[in-house]
Amino acid sequence: MKYTEIMVRYGELSTKGKNRKLFISQLAQNVKRVLSDFPAVKIHADRDRMHLLLNGEDSVQIMPKLEKVFGIQNFSPSVRVEKTMPAIREMVQSIIQSAYQPGQTFKITSKRSDHDFELDSNELNRELGGAVFEVFPEIAVQMKKPDINIRVEIRKEGAYLSYETLRGAGGLPVGTSGRGMLMLSGGIDSPVAGYLSMKRGVEVEAVHFASPPYTSEQALQKAKDLAAKIAPYAGSIQFIEVPFTEIQEEIKRVVPEGYLMTVTRRMMLRLTDTIRELRKGLVIINGESLGQVASQTLQSMVAINEVTTTPIIRPVVSMDKGEIIEIAEKIDTFELAIQPFEDCCTIFAPPQPKTRPKLDKAQAYEARLDIEGLIARSIAGLKVSEITELSEKNEEFSDLL
Ligand code: ATP
Ligand code: MG
């Protein structure tokens, strides 16, 4: 079926009162961005629906992209035909011929927003039902949950027919909740935390700590590849690489083993908060899950979180590992995340970090560090890049270089 339009239904948007206009225009902007490879597509965003006029672009390529845009409840590809009964009948018959499997039921749901049209919606239902029986006399009508629901909408510009509805990603349009800094490691949890906060409308920038030569080029690339996996939900992601080698060496030199992890985390959080201010973010997001490892006990959170009053969002804090993995598999970050490249924490991690660190001790050991100087030097070496979806085109291109 050659579709000419896609009708998009909004999700939670509809409950947003005054912000509604803002949400709809952000959604339209996000849709436009993910469809930038399809320049002929025209977007019309109304109060209740968004219509994408395909103008010859291929719906088969466009639909998987739409499935990743937050703020969309569902969408239906449709065909536009001339607003005459013979043309509509013919299209209904061709739809049923391609959709029908023996034993299935159907119904016609007509809607007439152009009241000048010759038939009303009841008459349309009857007439077009008849057209279906002409093709498959044995087919049964079912009003509640039919297998095939052919929707017909008579509008000023033409008649629109659709029968498929695809589920959207739900959530809120990315950008409508403001900006947050995602602490992105190379693990399973933080990409999931990033995805979940994007789902609630947060525009995410990824902050990644790298400690070369202790951490490898592959470990850095892995974090970038993970960012690329969640980038399609936003169009693109800013990736901020933070030099962390000097800080780790200094901590290792002056802090006793039991507090290496706590002090390291405090420094990471301070840096992330400084970057957040520079980048005009509102919150910090991380992939901590309660009780998963020593740094993720409540006592650790108390001792680490103390360096900032900035809200820290922990989308996976109450999830079991299995639940997090389920999402990681859904968003295709799991396979990448389990590749064994050492990250900065694993290399400097003591065999037995304290699971109940004391805040006053952490502060006392930390006083041995030149915190301001260390942070200033790290910030001076930030590397920001824009990450978009991994595309085969790019990979081929880099082979040629
Ligand atoms: P993940 O699977 O996200 O790596 P984890 O269960 O391995 O999490 P930790 O390694 O203790 O837990 O890290 C806890 C959180 O700290 C991570 O989810 C991430 O948000 C942040 N984090 C850890 N290492 C880094 C890093 N190298 N760069 C940026 N953030 C990091
Ligand atoms: Mg980790």
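Just follow the structure's listing: the first ligand is 1, and inside any ligand the first atom is 1.
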Which atoms of ligand 1 have any heavy atom of [X] under 4.0 Å away?
X: Asn286; value: 20 (O)
X: Val207; value: 29 (C)
X: Met183; value: 19 (C), 20 (O), 21 (C), 29 (C), 30 (N)
X: Gly187; value: 1 (P), 2 (O), 4 (O)

Practice item. Test ring-ring contact (aromatic ring centres under 6.0 Å, His included) on Phe106 and Phe133 and set out the steps. Key: CA-CA 10 Å; Phe106 88 105; Phe133 289 126; 5.7 Å; yes
Please indicate whether any nitrogen or oxygen in [X] is less than 3.5 Å from any nitrogen or oxygen in ligand 1.
X: Gly186; answer: no
X: Lys321; answer: no
X: Ile188; answer: yes
X: Gly287; answer: yes
X: Pro191; answer: no

**Study point:** Pairs involving residues 90-99, ordered by first then second residue, that meet side chain to side chain donor-acceptor pair (under 3.5 Å) (sequence neighbours left out)
**Key:**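 Non-adjacent pairs meeting side chain to side chain donor-acceptor pair (under 3.5 Å): Gln93-Glu134.
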Check your understanding: Where on Leu182 is there a heavy atom closer than 4.0 Å to ligand 1, on the side chain, on the backbone, on both, or on neither?
Key -> neither
Practice item. Run the ring-centre check on Phe70 versus Tyr233 and record whether the distance is less than 6.0 Å. Key: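 Yes, ring centres under 6.0 Å apart.
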Exercise for review: Return the option from Glu288, Gln296, Arg265 holding the heavy atom at the smallest distance from atom 10 (O) of ligand 1.
Suggested key: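 Nearest option to atom 10 (O) of ligand 1, by heavy atoms: Arg265.
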Study note, to complete from the structure: Among Asp189, Leu184, Ile324, closest by heavy atom to atom 5 (P) of ligand 1 is Asp189
**Study point:** Partner residues of Asp332 under the salt bridge (Lys or Arg N to Asp or Glu O under 4.0 Å) criterion, sequence neighbours left out
**Key:**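 Result, salt bridge (Lys or Arg N to Asp or Glu O under 4.0 Å) vs Asp332: Lys229.
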Check your understanding: Would you call Asp114 and Lys83 a salt bridge, using N to O less than 4.0 angstrom?
Key ->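 Here Asp114 pairs with Lys83 in a salt bridge, since their nearest N and O are under 4.0 Å apart.
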Check your understanding: Would Glu250 and Arg253 pass as an ion pair if we require N to O under 4.0 Å?
Key ->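 The answer is yes: the pair qualifies as a salt bridge.
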**Study point:** Check: Gln299 and Thr355 side chains under 4.5 Å, non-hydrogen atoms
**Key:** no
Practice item. Please report the closest heavy-atom contact between Leu220 and His208, naming both atoms and the distance. Key: CD1-CD2, 3.8 Å
